[in-house]
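Step one of this worksheet: look at the structure below.
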Amino acid sequence: MSAREAALLTLVAMERQKAWSNGHLKKVIQEEHLDKRDAALATRLCFGVVQNKLLLDHYIQQFSTMKLQKMESKVRNSLRLGLYQMLFLTKIPVTAAVNESVELTKKHCKNPRAGGLVNGILRNLARNINELPALDRSSQTAYFSLLYSHPQWLVETWAKELDGEELETLLRWDNSEPPVTVQVNTCRFETPKVVLALEREGVNVLPHPWLPDCLVLTDTGDLTQRTAWQEGMFYPQDPAARLAVLAAGLQPWETVLDACAAPGGKSFAVAMCMQDQGEIHACDLHAHKKALIEAGAARLGLQSITAQVLDGKKPRKGWEERFDAVLADVPCSGLGVIRKKPEIRYKDPAELADLPQIQGDILDNVSRYVKPGGVLLYSTCTLLQAENEDVVTAFLAKHPDYHLERFLLPGPLGEVAAGQCTLWPQRLQTDGFFLAKLRKEGAK
């Protein structure tokens, strides 16, 4: 299987089966034993099409008499793949981009005329590739929406908080390639030793510019096949997710609940903060995710983590005022991690309407597990006020025994005097996150 075919089948699965781009593509790459070069190209093609889908569709439609919605999924995505290569992968000859898309269409489409349709549209686009119609700039948000393929409702939402230049920087950031960042397992290894082990295996390693014990990796290949991975020297985690744990100010020998823990990264970070000394209950609603947490903790050699199945919205008898700290990294729209999951941007906003209620219910429930004087850390990986500040405001109105508390973070953020903050990706070069540290009244 070629890289282009792997990308096409993933794009079709995303449309037909609602598959996730990274998970489905990874499965195809492994099953078809694509080499490093083809795997990288398949990933770039798949992600690139998703990142630029609105723009690609805009141009394709102008050179097609048939509506894209009426085309078969494989035809539609063959066209997108071909045009994406012409517009963004300039090292690939235009003829190759056209011919490969046509051949894929012939191979996978039953309609004998599908190949001719794709050939005609792409060749027409190729002839005009340097003179495509200019985009309408009369509305900045509409222009940005099309240019960077973000739904207009989302661009308009962020435009209320960011000026035009910074808004464009955020949208451009969402369409960039994310680096691989990992956190060192400081419970068992020193950072220089981990760096040396990775470099010996051909991985390029740089220290993160402001987060200690965080490494930025390139030329990783399949990290899970590296000896350093198998020996539990590190775990993958974005700096923003690590900050969500650091904000809680945890100490060794505390008792901590990670209420929405899967796949376990924050629980592992808690263990690092407490030097694997204490009691960490890592919970998730689904049993298979409990197994993921257990496997990760075992690989890292962490003894303080106990994984459990738990519904964060339902009270757990016997846990009232039991924990020094509770982390509530609640289910959210995920609009802060578009760079890693580009299809998230296309969610129907109507599907997100119920999230604040769910988030509030979880926060209300798990707050009862915090000891007097303890900490409740609320976090999301989204950039929507309705899921962030508004949820915290509603919670505080119902829980006068809690208050926001200042906290310190490494790097450019420093002191967060307000007790809550948004981690904007374009400012920090991290995922987009929201953090709020809530202290319960009383003494432990």
Side-chain angles (χ1 to χ4, degrees), residues 7 10-27 43-57 73 77 80 84 141 144-159 161-162 167-181 236-241 244 260 262-263 265-266 286 289 329-356 358-359 379-388 391 422-426 428-435:
T10 299
L11 291 168
V12 172
M14 291 170 65
E15 283 194 350
R16 290 181 173 177
Q17 306 161 23
K18 305 300 181 184
W20 287 106
S21 57
N22 52 357
H24 191 278
L25 183 60
K26 184 177 180 180
K27 180 182 177 183
T43 301
R44 184 67 258 140
L45 290 172
C46 182
F47 272 54
V49 167
V50 178
Q51 289 168 337
N52 297 280
K53 186 172 70 172
L54 298 183
L55 182 65
L56 297 173
D57 287 0
S73 179
N77 283 293
R80 289 167 177 163
Y84 172 74
T141 54
F144 283 167
S145 172
L146 194 53
L147 181 62
Y148 298 108
S149 292
H150 283 63
Q152 190 163 343
W153 74 267
L154 184 56
V155 178
E156 290 173 348
T157 299
W158 287 340
E161 300 189 59
L162 306 171
L167 173 61
E168 185 171 15
T169 302
L170 171 59
L171 300 176
R172 189 184 297 118
W173 172 266
D174 278 348
N175 285 355
S176 64
E177 294 185 54
V180 176
T181 54
Q237 187 175 57
D238 189 84
C260 308
K266 289 189 179 65
H286 304 287
K289 292 186 176 181
D329 184 42
V330 296
C332 70
S333 57
L335 295 171
V337 294
I338 288 176
R339 193 170 58 146
K340 294 176 179 174
K341 297 180 179 180
E343 61 268 38
I344 282 181
R345 74 186 77 187
Y346 301 118
K347 283 185 176 180
D348 184 344
E351 297 176 7
L352 311 179
D354 293 336
L355 283 172
I358 295 170
Q359 294 155 350
S379 64
T380 72
C381 58
T382 193
L383 301 170
L384 297 182
Q385 181 177 320
E387 298 179 57
N388 295 338
V391 172
T422 297
L423 310 181
W424 288 98
Q426 75 281 5
L428 299 173
Q429 287 72 59
T430 66
D431 287 344
F433 256 73
F434 173 79
L435 318 176

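- With Gln237 contributing its side chain and Gly265 its backbone, the two residues share a donor-acceptor pair below 3.5 Å.
- Counting only heavy atoms from C-beta outward, the side chains of Gln426 and Leu162 approach each other to under 4.5 Å.
- Across Gly48 and Asn52, no two heavy atoms sit closer than the pair O-ND2, 2.8 Å.
- Looking at every heavy atom in both residues, Val330 comes nearest to Thr380 through CG2-CG2, 3.8 Å.
- Using a 4.5 Å heavy-atom threshold, the side chains of Val50 and Lys53 count as separate.
- Here the side chain of Glu387 pairs no donor or acceptor atom with the backbone of Leu355 at under 3.5 angstrom.
- More than 12 heavy atoms of other shown residues, nucleotides or ligands fall within 6.0 angstrom of atom NZ in Lys340.
- More than 12 heavy atoms of other residues, nucleotides or ligands shown are found within 6.0 angstrom of NZ on Lys347.
- The heavy-atom pair separating Ser149 from Leu54 by the smallest distance is OG-N, 3.1 Å.
- Closest heavy-atom contact between Ala240 and Phe433: CB-CD1, 3.5 Å.
- Evaluation of the salt bridge (Lys or Arg N to Asp or Glu O under 4.0 Å) rule for Glu15 yields Arg76, Arg80 as partners, not counting sequence neighbours.
- Closest heavy-atom contact between Leu384 and Ser333: CD1-OG, 3.8 Å.
- Rounded to the nearest 0.5 angstrom, Asn175 CG and Leu170 CG are separated by 10.0 Å.
- Distance check, rounded to the nearest 0.5 Å: CG of Leu55 to OH of Tyr148 gives 10.5 Å.
- Residues Leu335 and Thr157 are not in side-chain contact: their nearest non-hydrogen atoms beyond the backbone lie 4.5 Å or more apart.
- Of all heavy-atom pairs between Pro425 and Leu383, the closest is CD-CD1, 3.9 Å.
- Judged by distance alone, with hydrogens and angles left aside, the side-chain atoms of Asp238 form a donor-acceptor pair with the main-chain N or O of Asp431 at under 3.5 Å.
- Of the inter-residue distances, the one linking Cys46 atom SG with Glu343 atom CD reads 8.0 Å to the nearest 0.5 angstrom.
- For the atom pair Thr141 OG1 and Trp153 CH2, the distance stands at 13.5 Å (nearest 0.5 Å).
- Residues Arg339 and Phe47 are not in side-chain contact: their nearest non-hydrogen atoms beyond the backbone lie 4.5 Å or more apart.
- With rounding to the nearest 0.5 angstrom, the CH2 atom of Trp424 is 7.0 Å from the CH2 atom of Trp158.
- Taking OG1 of Thr430 as the reference point, atom CH2 of Trp173 lies at 7.5 Å (rounded to 0.5 Å).
- Contact check for Asn77 versus Met14: no side-chain heavy atoms found under the 4.5 Å cut-off.
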Run the side chain to side chain contact (heavy atoms under 4.5 Å, CB included) test on Arg172 and Thr169 for me, step by step, so that the C-alpha distance in whole Å, both residues' side-chain angles and the decisive distance to 0.1 Å come before the verdict. CA-CA 5 Å; Arg172 189 184 297 118; Thr169 302; 4.3 Å; yes

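- A donor-acceptor distance shorter than 3.5 angstrom exists from the side chain of Asn388 to the backbone of Thr382, with no hydrogens or angles considered.
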Between Asp329 and Ser379, is a side-chain hydrogen bond (donor to acceptor under 3.5 Å, both in side chains) present by the stated rule, with each step listed? CA-CA 5 Å; Asp329 184 42; Ser379 64; 2.8 Å; yes

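- Applying side-chain contact (heavy atoms from CB on, under 4.5 Å) to His150 and the options Arg345, Glu156, Gln51 leaves one that passes, Arg345.
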